[in-house]
A.B. asks: 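Please find one structure pasted underneath; my questions will follow.
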Number of protein chains: 2
Amino acid sequence: MSIRYAILGFLSANPLSGYDLKKLFEESSVFHWSGNNNQVYRTLVELHNEGLVTQEVQQQADYPARKIYTITEKGLAELRQWVLSEPELPQIKSSFLVQLAWADQLEADALDDLLRKYDAEIHDQLIVVQEHKRRSKTSPQRTPREAYLWEAIMDNKILYYETELNWVRTVRETLNEMGKDK
Amino acid sequence: MSIRYAILGFLSANPLSGYDLKKLFEESSVFHWSGNNNQVYRTLVELHNEGLVTQEVQQQADYPARKIYTITEKGLAELRQWVLSEPELPQIKSSFLVQLAWADQLEADALDDLLRKYDAEIHDQLIVVQEHKRRSKTSPQRTPREAYLWEAIMDNKILYYETELNWVRTVRETLNEMGKDK
DNA sequence: CAAATCATGTAATGTGTTACATGATTCG
DNA sequence: CGAATCATGTAACACATTACATGATTTG
């Protein structure tokens, strides 16, 4: 999947500029792109060439001009079609699990330190998404059902981090138990 | 993180050929690379140039020659250092959540269908990793602690899919409840 | 006899990040 | 007065996938 459908999605709620989209991606944890300019601006040019969006230049006094992109009928159709396409499995890249796989060479306390740091990182991130859900600004919320869907998406993230946190704590405890036996 | 540490990790247990590594990546769900030739063979050449592995060509009657790679002291040192490096947050790319975000345009039954398909996919994958854990072939298992670490890694995956499955079922039920009200 | 396996490798393309570049304005 | 914000865009590079290519052997 590429960023194009996420962009079409945002535009289906509101016309936006590249800069707006960039910020939406930066702020969001669900839309996993970093919000780098290169990708956003290039994709908008592509979508424009394909006639999925229209462009309107908005002049502003004392500020750079904004290019406002609006989704077309064709763009809406493409989005609708993609939303109906076969769901894919989430792709998880956990460099931490790879580290753990070869962590047997470490001393007990170095390993515990690693787990402690991972615990802290996950915990921080959990706070971030919980806070995010409370504010829930990214959501268009046009209908009650849409509001629920966005809430469910946030809950998915929260559940993930909660599960991860429980897991790492169990692992730490078990390893410490094992350490005592030696 | 790049594939190089995963390769060094596998080589720290056993000398292997590029083809062996490719298959390990293909079979594994934890090591998230697809096992494409390009990356594996190129990375091995790089590691060889940097002196982190040595290469030995093994001639075989009736089969193509294999290039067996063995990790060097320098390679082991680099691996050890990486294992101690700051753990990173897992990167999750869920195109399904992006689909859901814009799924309010769908009819109730089309949306339910989407959720049902996701449920099925996750369920299948859960079976795969559970089976994987039972066989647990990828693991070198040199010490009891290492055996536990590999088990914990498998459990992490299993917990993830279980949580995901519970989540999608709750979402489906809630949406069906909401549908009745109409 | 077709397909899969063994084993290597390259080409083309997709996807994503960081850093660079510009230039005015506003905020601390 | 330095840093951040607004707003656009490009260059270079990192990481990853699919497909192509070869050629013998084994399995269904």
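Note on naming: letters A, B, ... go to the chains in the order of the sequence lines (proteins, then strands), and numbering restarts at 1 for each one.
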A.B. asks: Identify each atom pair where a protein N or O and an N or O of nucleotides 11-14 of chain C are less than 3.5 Å apart, giving names and distance.
C.D. replies:
residue: C:dA11; atom: N7; partner: B:N38; partner atom: ND2; Å: 3.4
residue: C:dA11; atom: N6; partner: B:N38; partner atom: ND2; Å: 2.1
residue: C:dA12; atom: N6; partner: B:N38; partner atom: ND2; Å: 3.3

A.B. asks: Transitively linked via ILVMFWY side-chain contacts under 4.5 Å: A:L100 with A:M178?
C.D. replies: yes
A.B. asks: Return yes if the base of C:dT8 and the side-chain atoms of B:N37 contain a donor-acceptor N/O pair under 3.5 Å, otherwise no.
C.D. replies: yes
A.B. asks: Once you round to the nearest 0.5 Å, how far does CH2 of A:W102 lie from OG of B:S12?
C.D. replies: 5.0 Å
A.B. asks: Set out, line by line, the N/O atom pairs under 3.5 Å between protein and nucleotides 4-6 of chain D.
C.D. replies:
residue: D:dC6; atom: OP2; partner: A:Y19; partner atom: OH; Å: 2.8

A.B. asks: Hey, does B:K67 reach any base, or is it just sugar-phosphate, or nothing, if we go heavy atoms under 4.0 Å?
C.D. replies: sugar-phosphate
A.B. asks: From CG of A:L16 over to C1' of D:dA7, roughly how many Å is that when rounded to an integer?
C.D. replies: 14 Å
A.B. asks: To the nearest 10 degrees, how far apart in direction are the end axes of the helix from C:dC1-D:dG28 to C:dG28-D:dC1, each fit to five base pairs?
C.D. replies: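 Taking the rotation axis at each end, their angle is 50°.
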A.B. asks: Measure the CZ-CG distance between A:R172 and A:L175 for me, rounded to the nearest 0.5 Å.
C.D. replies: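 If I round to the nearest 0.5 Å, the distance is 10.0 Å.
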A.B. asks: By nearest nucleotide on DNA chain C, pick out whichever of A:Q39 and B:I68 is the more 5' one.
C.D. replies: B:I68
A.B. asks: Using the test salt bridge (charged side-chain N to carboxylate O under 4.0 Å, His left out), find all partners of B:E173 that sit at least two apart in sequence or belong to another chain.
C.D. replies: none
A.B. asks: Find the distance between NZ (B:K22) and CD (B:Q39) and round it off to the nearest 0.5 Å.
C.D. replies: 12.0 Å
A.B. asks: Just to confirm, is there a sub-4.0 Å distance from OP1 or OP2 of C:dT8 to any side-chain nitrogen or oxygen of B:Y41?
C.D. replies: yes
A.B. asks: Hey, is the main chain of B:E50 close enough, under 3.5 Å, to the side chain of B:K74 for a donor-acceptor pair?
C.D. replies: yes
A.B. asks: Could you tell me which residues satisfy side chain to side chain donor-acceptor pair (under 3.5 Å) with B:T70, sequence neighbours excluded, listed by chain and number?
C.D. replies: none
A.B. asks: Would you mind reading off the distance between A:L44 atom CG and D:dT10 atom P, rounded to a whole angstrom?
C.D. replies: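 Checked: the CG to P distance equals 12 Å.
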A.B. asks: With A:D124, which residues qualify under side chain to side chain donor-acceptor pair (under 3.5 Å), at least two apart?
C.D. replies: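 Listed in chain order: nothing, the list is empty.
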A.B. asks: Provide, to the nearest angstrom, the distance between the NE2 atom belonging to B:H32 and the C1' atom belonging to D:dA16.
C.D. replies: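 Roughly 9 Å, once rounded to whole Å.
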A.B. asks: What integer distance in Å separates B:E88:CD from D:dC15:C1'?
C.D. replies: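 It works out to 13 Å between those atoms.
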A.B. asks: Tell me which residues in residues 50-58 of chain B lie within less than 4.0 Å of DNA chain C, going by non-hydrogen atoms.
C.D. replies: none
A.B. asks: Taking atom P of C:dG9 as reference, at what distance in whole Å does atom CG of B:D20 sit?
C.D. replies: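 So the two atoms are 13 Å apart, to the nearest Å.
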A.B. asks: With sequence neighbours left out, what residues match A:E78 under side chain to side chain contact (heavy atoms under 4.5 Å, CB included)?
C.D. replies: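 A:E78: side chain to side chain contact (heavy atoms under 4.5 Å, CB included) contacts with A:R4, A:Y5, A:L8, A:L52.
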A.B. asks: Measuring to OP1 and OP2 of C:dG16, would you say a side-chain N or O of A:S34 lies under 4.0 angstrom away?
C.D. replies: no
A.B. asks: Please name all residues satisfying side chain to side chain contact (heavy atoms under 4.5 Å, CB included) with A:S17, sequence neighbours left out, ordered by chain then number.
C.D. replies: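 A:Y19, A:D20, A:R66, A:I68.
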A.B. asks: Show every donor-acceptor pair shorter than 3.5 Å between a side-chain atom in residues 153-160 of chain B and any protein atom, with sequence neighbours excluded, or say none if there are none.
C.D. replies:
residue: B:D155; atom: OD1; partner: B:K133; partner atom: NZ; Å: 2.8
residue: B:N156; atom: ND2; partner: A:E164; partner atom: OE1; Å: 3.3
residue: B:N156; atom: ND2; partner: A:E164; partner atom: OE2; Å: 3.1

A.B. asks: Between A:H48 (NE2) and D:dT8 (P), how many Å, whole number?
C.D. replies: 14 Å
A.B. asks: List for me each residue that meets salt bridge (charged side-chain N to carboxylate O under 4.0 Å, His left out) alongside A:R80, sequence neighbours excluded, and say none if there are none.
C.D. replies: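 Per chain and number, A:R80 pairs via salt bridge (charged side-chain N to carboxylate O under 4.0 Å, His left out) with no residue.
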A.B. asks: For the pair made of NZ in A:K93 and P in D:dA14, what is the distance, rounded to whole Å?
C.D. replies: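 Value for this atom pair: 16 Å.
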A.B. asks: Running the 4.5 Å side-chain criterion over Ile, Leu, Val, Met, Phe, Trp and Tyr, what cluster does A:V57 land in, apart from itself?
C.D. replies: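 The other cluster members (ILVMFWY side chains, heavy atoms under 4.5 Å, direct or chained): none.
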A.B. asks: Could you give the CD-to-C1' distance, from B:E46 to C:dG9, as a whole number of Å?
C.D. replies: 15 Å
A.B. asks: Hey, what do you get for CD (B:E162) to CG (B:L165), rounding to the nearest 0.5 Å?
C.D. replies: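 Output value for this atom pair is 8.5 Å.
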